[in-house]
Visitor: 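Encoded as structure tokens, here's the structure I'll be asking about.
Not measured: the values here are computed from a predicted model.
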Amino acid sequence: MISDPRWPADPSTWSELVRHYAEPHRHYHTLDHVRAVVEALPAEASPALILAAWYHDVIYDPRASDNEQRSADFLRLAMPDSPHLESACRLILLTQTHQAAEDDHEGHLLLDADLAILASTPALYDAYAEAIRREYDWVPEEAYRSGRAAILERFLARPCIYHTARMAPHEPKARDNLRREIERLRG
């Protein structure tokens, strides 16, 4: 069982999460990523936000397009009596587009925490990019380069990547990392 006091579940639920986050096809979307997301949340984060952080990638199949919905469904089955269930599921679903309404503070907190890796040091960012490539190792190189670059270019085209005061100062570093990866992919 995890010793994080912000972990809201029982030992059997924890074991199930560990099993999913340890699947062999995962190289970035692992328990380490989820812990980093939880740690990037403010200390006063609501139980729904913490629950969403723990479960947002519990189902992760790089060949599927419904991972977020399936993760929310998994949470519904795992914790059907949680008073925070619907709020947590709503937050999980935001990670599909990484967009939230302008006044959705909790949504922005989760999305910024999930995307915090974009503003890491170049070495950490490069390790992240390599891990993502490994998760998509079944995609031919040229198709991967084109698709990944297009995704990163959509993030760059946004007026802002981060929406919270906590992450906004890291926006320039995230944009530099994205540009650097795009250049490598397009090069």
Visitor: Could you go step by step and tell me if Glu130 and Arg133 meet the salt bridge (charged side-chain N to carboxylate O under 4.0 Å, His left out) rule?
Guide: CA-CA 5 Å; Glu130 181 181 312; Arg133 178 60 179 120; over 6 Å; no
Visitor: Checking Gln96 side chain against Ser65 main chain: does a donor-acceptor pair fall under 3.5 Å?
Guide: yes
Visitor: Looking at Ala52 and Ala88, what are the two nearest heavy atoms and their distance?
Guide: CB-O, 3.6 Å
Visitor: Should Lys173 and Asp176 count as an ion pair when the cut-off is N to O under 4.0 Å?
Guide: no
Visitor: Identify the two heavy atoms, one from Ala72 and one from Cys89, that lie closest to each other, and give their separation to 0.1 Å.
Guide: O-SG, 3.5 Å
Visitor: Counting only N and O atoms by type, is there a donor-acceptor contact under 3.5 Å from the side chain of Tyr21 to the main-chain atoms of His29?
Guide: no
Visitor: Working note: Ile59 + Asp73, criterion side chain to side chain contact (heavy atoms under 4.5 Å, CB included); need CA distance, chi angles, decisive distance, verdict.
Guide: CA-CA 9 Å; Ile59 303 298; Asp73 292 345; over 6 Å; no
Visitor: Please answer whether the main-chain N or O of Met167 pairs with a side-chain N or O of Asp112 as donor and acceptor at a distance below 3.5 Å.
Guide: no
Visitor: Which pair of heavy atoms, one from Ile50 and one from Ala45, lies closest together, and at what distance?
Guide: CD1-O, 3.7 Å
Visitor: For Asp32, give me all partners under side chain to side chain contact (heavy atoms under 4.5 Å, CB included), at least two apart in sequence or on another chain.
Guide: Thr30
Visitor: Got a salt bridge between Glu183 and Arg180, using NZ or NE/NH1/NH2 to carboxylate O under 4.0 Å?
Guide: no
Visitor: Any salt bridge (Lys or Arg N to Asp or Glu O under 4.0 Å) involving residues 46-59? Give me the pairs, sequence neighbours left out, ordered by first then second residue.
Guide: none
Visitor: Indicate whether the side chain of Thr95 and that of Asp114 have a donor and an acceptor atom separated by less than 3.5 Å.
Guide: no
Visitor: Not counting sequence neighbours, which residues clear salt bridge (Lys or Arg N to Asp or Glu O under 4.0 Å) with Glu181? List them please.
Guide: Arg148
Visitor: Roughly how far, to the nearest 0.5 Å, is CZ of Arg175 from CG of Leu118?
Guide: 10.5 Å
Visitor: List the residues meeting side chain to side chain contact (heavy atoms under 4.5 Å, CB included) with Glu142, not counting sequence neighbours, and say none if there are none.
Guide: Arg145
Visitor: Hey, quick one: are Leu51 and Val18 part of the same hydrophobic cluster, counting side-chain heavy atoms closer than 4.5 Å, chains of contacts allowed?
Guide: yes
Visitor: ring-ring contact (aromatic ring centres under 6.0 Å, His included) with Tyr128: which residues, sequence neighbours excluded?
Guide: Tyr28, Tyr125
Visitor: Report, as yes or no, whether the 6.0 Å neighbourhood of atom CD on Glu141 holds more than 12 heavy atoms from other residues, nucleotides or ligands.
Guide: yes
Visitor: Is it true that, when you exclude Glu86 itself, more than 12 heavy atoms of the residues, nucleotides or ligands shown sit nearer than 6.0 Å to its CD?
Guide: yes
Visitor: What orientation do Trp138 and Tyr136 show, parallel under 30°, tilted 30 to 60°, or perpendicular over 60°?
Guide: tilted
Visitor: Any donor-acceptor pair under 3.5 Å linking the side chain of Ser120 with the backbone of Ile117?
Guide: yes
Visitor: Please confirm whether the backbone N or O of Leu109 pairs with a side-chain atom of Arg166, one donor and one acceptor, at under 3.5 Å?
Guide: no
Visitor: A quick test of your reading: do over 12 heavy atoms of other residues, nucleotides or ligands sit less than 6.0 Å from NE2 of His25?
Guide: yes
Visitor: Would you call Arg35-Glu39 a salt bridge at under 4.0 Å N-O?
Guide: no
Visitor: For a quick test of reading the model, state the closest non-hydrogen atom pair linking Pro80 to Leu85 and the distance between them.
Guide: O-CD2, 3.8 Å
Visitor: Return each pair, listed once, that meets ring-ring contact (aromatic ring centres under 6.0 Å, His included) where at least one residue sits in residues 144-177; pairs must be two or more places apart or across chains.
Guide: His108-His163
Visitor: Mind checking whether Asn67 and Arg70 have side chains closer than 4.5 Å, heavy atoms only?
Guide: yes
Visitor: Looking at His20 and Leu17, would you say the former's side chain and the latter's main chain have a donor-acceptor pair under 3.5 Å?
Guide: no
Visitor: Flag the pair Val37 / Leu110 as yes when at least one side-chain heavy-atom distance between them is below 4.5 Å, and no otherwise.
Guide: yes
Visitor: Side chains of Leu75 and Val58: closer than 4.5 Å at any heavy-atom pair?
Guide: no
Visitor: So, are Asp137 and Arg134 salt-bridged, with charged N and O less than 4.0 Å apart?
Guide: no
Visitor: Check whether any side-chain heavy atom of Leu94 sits under 4.5 Å from a side-chain heavy atom of Asp104, and report yes or no.
Guide: yes
Visitor: Decide whether Val139 and Leu185 are clustered together by the hydrophobic rule: side chain heavy atoms of Ile, Leu, Val, Met, Phe, Trp, Tyr closer than 4.5 Å, transitively.
Guide: yes
Visitor: To the nearest 0.5 Å, what is the distance between CZ (Arg154) and OG1 (Thr97)?
Guide: 11.0 Å
Visitor: Can you measure from CZ (Phe74) to CE (Met79) and round to the nearest 0.5 angstrom?
Guide: 11.0 Å
Visitor: What distance separates Arg76 CZ from Ile92 CD1, expressed to the nearest 0.5 Å?
Guide: 8.5 Å
Visitor: If every non-hydrogen atom of Ser87 is compared with every non-hydrogen atom of Ala48, which pair is closest and at what distance?
Guide: CB-CB, 3.6 Å
Visitor: Let me confirm one number: the CG-OG1 distance from Leu41 to Thr164, rounded to the nearest 0.5 Å.
Guide: 10.0 Å
Visitor: Do Ile132 and Val34 belong together in a cluster built from hydrophobic side chains that touch within less than 4.5 Å?
Guide: no
Visitor: Backbone N or O of Ile161 within a donor-acceptor pair of the Arg158 side chain at under 3.5 Å?
Guide: no
Visitor: Under 3.5 Å, is there a donor-acceptor pair between the side chain of His56 and the main chain of Leu111?
Guide: no
Visitor: Would you give the length of the straight line joining atom NE2 of His98 to atom CD1 of Ile151, rounded to the nearest 0.5 angstrom?
Guide: 11.0 Å
Visitor: Test side chain to side chain contact (heavy atoms under 4.5 Å, CB included) on Cys160 and Glu171 and set out the steps.
Guide: CA-CA 7 Å; Cys160 58; Glu171 179 100 11; 3.9 Å; yes
